[in-house]
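The structure appears right after this line, and notes come after that.
Just so you know, these numbers use all the heavy atoms, side chains as well, and skip hydrogens, waters and symmetry mates.
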Amino acid sequence: QVQLVESGGGLVQAGGSLRLSCAASGRTFSSYYMGWFRSAPGKEREFVAAINRSGSATRYSDSVKGRFTISRDNAENILYLQMNSLTPEDTAVYYCAATTSIGVLPTPFAYKYWGQGTHVTVSS
């Protein structure tokens with residue numbers, strides 16, 4: 001199994017940027033497809049972005065496409081989410097997740113391992 005720890009959240013003004021990190025330990029990081037999800041108060045967990053094992057393929061939700069970039073460093077066992085042009089609607093707890101299922105998948109149910117989350121608050 002793999003253990004995941006997110007970091008990099010915080011308070012930022014609208015239009016600003018943040019970079020989230022997800023440090024992985026345990027089983028070989030490069031064997032997992034990875035994803036970022038978020039949960040806002042009163043809302044279901046939402047897909048943000050996903051990446052394949054090598055980092056050559058990515059997928060984004062329509063709400064973040066063109067503003068967020070998912071990437072990974074398999075040598076350092078870290079997953080990243082670069083978030084630019086943030087808006088108050090991006091305020092949420094952000095989670096990284098790992099799966100051995102094949103495919104760059106947008107559904108939370110496909111992911112077996114989850115981090116504890118990091119809070120992102122975007123002020124207007």
Once you round to the nearest 0.5 Å, how far does [atom1] of [X] lie from [atom2] of [Y]?
X     : Y     : atom1 : atom2 : result
Glu46 : Ser63 : CD    : OG    : 4.5 Å
Leu81 : Ile51 : CG    : CD1   : 10.0 Å
Leu20 : Ser7  : CG    : OG    : 8.0 Å
Met83 : Arg19 : CE    : CZ    : 11.5 Å
Arg38 : Lys43 : CZ    : NZ    : 8.0 Å

Check for a donor-acceptor pair, side chain of [X] on one end and backbone N or O of [Y] on the other, with a separation under 3.5 Å.
X     : Y      : answer
Thr28 : Ser30  : no
Glu6  : Gln116 : yes
Asn84 : Ser17  : no
Arg67 : Ser85  : yes
Asn74 : Arg53  : yes

Compare every heavy atom of [Y] with every heavy atom of [X], then report the nearest pair and how far apart it is.
X      : Y      : answer
Gly117 : Val93  : CA-CG1, 3.8 Å
Thr99  : Ala110 : OG1-O, 2.7 Å
Ala14  : Pro88  : CB-CD, 4.2 Å
Gly103 : Tyr33  : O-CD2, 3.0 Å
Trp36  : Ile70  : CD1-CD1, 3.5 Å

So, using side-chain contact (heavy atoms from CB on, under 4.5 Å) as the criterion, who are the partners of Thr69 when residues are at least two apart?
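Checked Thr69 against side-chain contact (heavy atoms from CB on, under 4.5 Å); matches are Tyr60, Gln82.
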
Kindly write out the residues that satisfy side-chain contact (heavy atoms from CB on, under 4.5 Å) with Val12, not counting sequence neighbours, or none if the list is empty.
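Testing Val12 for side-chain contact (heavy atoms from CB on, under 4.5 Å), a comparison that skips the adjacent residues, returns Leu18, Leu86, Val122.
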
Going by side chain to side chain donor-acceptor pair (under 3.5 Å), name the residues that satisfy it together with Gln1, two or more places apart in sequence or in a different chain.
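Listed in chain order: nothing, the list is empty.
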
For Thr118, give me all partners under side chain to side chain donor-acceptor pair (under 3.5 Å), at least two apart in sequence or on another chain.
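Side chain to side chain donor-acceptor pair (under 3.5 Å) check on Thr118 returns nothing, list empty.
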
Path from [X] to [Y] over hydrophobic side-chain contacts below 4.5 Å:
X      : Y      : result
Tyr32  : Ile102 : no
Tyr113 : Val48  : yes
Val120 : Leu4   : yes
Phe68  : Phe47  : no

Going by the rule salt bridge (Lys or Arg N to Asp or Glu O under 4.0 Å), which residues pair with Glu76 if we only count those two or more places apart in sequence or in a different chain?
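Result, salt bridge (Lys or Arg N to Asp or Glu O under 4.0 Å) vs Glu76: none returned.
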
How are the rings of Phe37 and Trp114 set relative to one another: parallel (under 30°), tilted (30 to 60°) or perpendicular (over 60°)?
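Phe37 and Trp114: tilted rings.
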
Pairs touching residues 93-124 that satisfy disulfide (SG to SG under 2.5 Å), sequence neighbours left out:
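Passing the test, one end in residues 93-124: Cys22-Cys96.
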
Does the Lys NZ or Arg CZ of Arg72 fall within the cation-pi geometry relative to Phe29 - under 6.0 Å from the ring centre and within 45° of the axis?
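Arg72 over Phe29 ring: yes.
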
